[in-house]
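Here is how names work: the chains are called A, B, and so on, in the same order as the sequence lines, proteins then strands, and each is numbered from 1.
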2 protein chains.
Amino acid sequence: MNTISYVVLAMLIRSPLTGYELKRFLNLFWEAHHSQIYPTLKELRKQELIEIIDIPDGKRKIYDITPAGKELVKEWVFTKSHAPSQKDEFLAKVFTISALDRDTSKFLIMERKQYFHEQVNDYSKVLASLDDLDAEERRKNFGRELILERKIRLSKEELAWCDWAEEKIEAYFAK
Amino acid sequence: MNTISYVVLAMLIRSPLTGYELKRFLNLFWEAHHSQIYPTLKELRKQELIEIIDIPDGKRKIYDITPAGKELVKEWVFTKSHAPSQKDEFLAKVFTISALDRDTSKFLIMERKQYFHEQVNDYSKVLASLDDLDAEERRKNFGRELILERKIRLSKEELAWCDWAEEKIEAYFAK
DNA sequence: AGCGTCATGTAAATTGTTACATGATTTT
DNA sequence: AAAATCATGTAACAATTTACATGACGCT
């Protein structure tokens with residue numbers, strides 16, 4: 001059991017999902033391609049931690065977590081989490097700003113802003129859509145709601161940093 | 001040339017560094033172990049994008065970027081950056097909160113707060129230490145300063161989210 | 001004397017990405 | 001009619017981590 005296995009397992013706590021849907025949920029905080037998800041699901045099924053509860057149209061397989069899977073998740077929750085890991089190419093570029101010019105630096109920040117504006121828009125829509133759910137569904141989505149709110153807050157903070165950085169850059173190249 | 005190679009190259013724009021120091025700079029925004037850094041440095045040297053300018057005590061090798069390396073960095077800056085990637089095990093655990101109890105949920109958040117408190121403390125000290133540098137050194141560290149400020153801001157936002165989440169969790173389990 | 005940090009490197013094992021494959025359904 | 005999205009899966013390749021190896025230096 002590696003970390004991705006636990007993460008996949010955790011996604012099925014909220015409700016049964018297809019591999020495709022599961023990937024979308026998990027991509028909120030964990031980067032993984034479908035070519036990693038499907039073999040992981042296969043393996044988890046082999047270990048009887050998840051099961052296929054339906055194949056509605058011959059292709060889509062709906063997975064659900066088994067009681068054994070739920071047990072494992074509850075144990076995993078108490079293990080020390082790995083520190084969040086990040087890889088951010090943009091920041092490596094920012095590191096080189098003292099060797100760049102004003103326009104290149106501002107171009108970098110502009111692109112960054114665009115990216116996080118989209119993030120805020122996209123995830124705000126998803127979060128807003130939770131309001132349409134009935135009380136029970138809403139309750140099931142509580143963890144997801146917390147994570148979505150975090151994503152939006154952090155994206156807004158990234159935007160705030162961009163604004164601050166723009167001014168700093170302006171001052172840096174003015175001198 | 002993969003992304004880690006560019007990231008390593010970028011670190012040497014500010015000043016010459018040993019592999020060990022370089023890793024510490026880069027870990028601000030890019031997770032990589034020393035077992036990945038040293039072979040990368042070896043390969044970049046083979047391609048004459050970096051060079052060893054000193055071995056002060058027989059073991060530490062001080063690397064500097066070559067003019068060819070600088071050229072490459074300047075080209076790379078204009079390429080479209082990969083979206084920042086993250087892997088955050090804690091958030092997978094938060095996803096399962098609807099299947100946990102109040103105390104377990106609050107314990108998770110508490111641990112998270114501890115982590116980001118440390119981050120804020122550690123990086124604030126590093127940022128503050130930049131004040132002691134002379135004007136020229138300060139200028140060279142401009143990119144680093146921007147990145148440190150971002151790290152601190154985002155860590156504080158993580159803490160703010162934790163506070164918000166704690167209240168939400170309280171309300172969730174009160175019902 | 002033991003621990004933590006500094007410091008560099010390689011090899012084996014694991015993880016993750018890109019490319020290959022296929023096909024339905026929906027939107028423009 | 002073409003493009004995008006939904007949908008699943010495998011194979012080859014590349015990146016990354018863990019373990020193996022070694023040793024200095026400063027602190028308690």
Side-chain angles (χ1 to χ4, degrees), chain A residues 1-9 11-12 16-27 29-46 50-63 80-89 92 118 122 125-126, chain B residues 1-9 11-12 16-27 29-46 50-63 80-89 92 118 122 125-126:
Chain A
M1 288 290 292
N2 50 17
T3 309
I4 181 76
S5 297
Y6 285 109
V7 172
V8 164
L9 223 46
M11 294 306 100
L12 295 173
L17 295 170
T18 65
Y20 190 88
E21 293 167 325
L22 189 148
K23 181 185 176 292
R24 293 180 68 98
F25 281 116
L26 151 163
N27 280 161
F29 54 83
W30 195 281
E31 211 187 77
H33 292 242
H34 74 272
S35 56
Q36 198 181 7
I37 303 292
Y38 293 120
T40 300
L41 286 167
K42 201 180 179 180
E43 178 59 28
L44 288 172
R45 198 186 157 211
K46 203 175 128 195
I50 62 173
E51 58 185 349
I52 294 171
I53 55 165
D54 198 10
I55 309 180
D57 38 30
K59 191 153 198 177
R60 284 161 56 215
K61 293 176 185 169
I62 301 179
Y63 291 92
K80 181 100 186 153
S81 296
H82 295 112
S85 104
Q86 41 160 5
K87 290 190 176 178
D88 200 329
E89 195 181 3
E118 277 167 36
D122 293 351
K125 275 178 202 157
V126 179
Chain B
M1 288 291 291
N2 50 18
T3 309
I4 181 76
S5 297
Y6 285 109
V7 172
V8 165
L9 223 46
M11 294 307 98
L12 295 173
L17 294 171
T18 66
Y20 190 88
E21 293 167 325
L22 189 147
K23 181 186 176 291
R24 291 180 68 98
F25 281 116
L26 149 165
N27 280 161
F29 54 83
W30 194 280
E31 210 187 78
H33 292 243
H34 73 270
S35 56
Q36 198 181 7
I37 304 291
Y38 293 120
T40 301
L41 285 166
K42 200 179 181 182
E43 178 60 29
L44 288 172
R45 197 185 158 211
K46 202 175 130 195
I50 62 173
E51 57 184 353
I52 295 171
I53 55 163
D54 198 9
I55 309 180
D57 38 31
K59 191 152 196 178
R60 284 160 59 215
K61 293 176 184 170
I62 301 179
Y63 291 92
K80 182 99 186 154
S81 295
H82 295 111
S85 103
Q86 41 161 5
K87 290 189 176 178
D88 200 329
E89 195 180 4
E118 277 167 37
D122 294 351
K125 274 177 202 155
V126 179

Rounded distance (Å) that lies between atom [atom2] of [N] and atom [atom1] of [X]:
| X | N | atom1 | atom2 | answer |
| --- | --- | --- | --- | --- |
| A/K87 | C/dT17 | NZ | P | 8 Å |
| B/E31 | D/dT17 | CD | C1' | 10 Å |
| A/I62 | D/dT8 | CD1 | C1' | 14 Å |
| A/N27 | C/dG16 | CG | P | 13 Å |
| A/H33 | C/dC20 | NE2 | P | 16 Å |
| B/I4 | D/dT16 | CD1 | P | 6 Å |
| B/Q36 | C/dT15 | CD | P | 16 Å |
| A/D54 | D/dT8 | CG | P | 12 Å |

Would you say [X] places a side-chain N or O within less than 4.0 Å of OP1 or OP2 belonging to [N]?
| X | N | result |
| --- | --- | --- |
| A/K42 | D/dT10 | yes |
| B/R24 | C/dC6 | yes |
| B/K59 | D/dT22 | no |

Which pair of non-hydrogen atoms, one from [X] and one from [Y], has the smallest distance, and what is that distance?
| X | Y | answer |
| --- | --- | --- |
| A/G19 | A/L41 | CA-CD1, 3.6 Å |
| A/L17 | A/L12 | N-CD2, 3.7 Å |
| A/E31 | B/S85 | OE2-CB, 3.0 Å |
| A/I4 | A/Q36 | CG2-NE2, 4.2 Å |

So, the side chain of A/E89 versus the backbone of B/S81: is there a donor-acceptor pair under 3.5 Å, distance only?
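No, because the side chain of A/E89 does not come within donor-acceptor range (under 3.5 Å) of the backbone of B/S81.
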Whether the side chain of A/S35 and the base of C/dT18 hold a donor-acceptor pair under 3.5 Å is what I'd like checked.
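Indeed there is one.
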Side chain of A/Y38, heavy atoms from C-beta onward: which of D/dG9, C/dG9, D/dC6 has the nearest atom to it?
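That would be D/dG9.
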From C-beta outward on A/N2, which listed nucleotide comes closest to its side chain: C/dT15, D/dG9, D/dA19?
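Looking only at side-chain atoms, A/N2 lies closest to C/dT15.
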Most 5' of B/H82 and B/E21 on DNA chain C, judged by nearest nucleotide
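The 5'-side residue here is B/E21.
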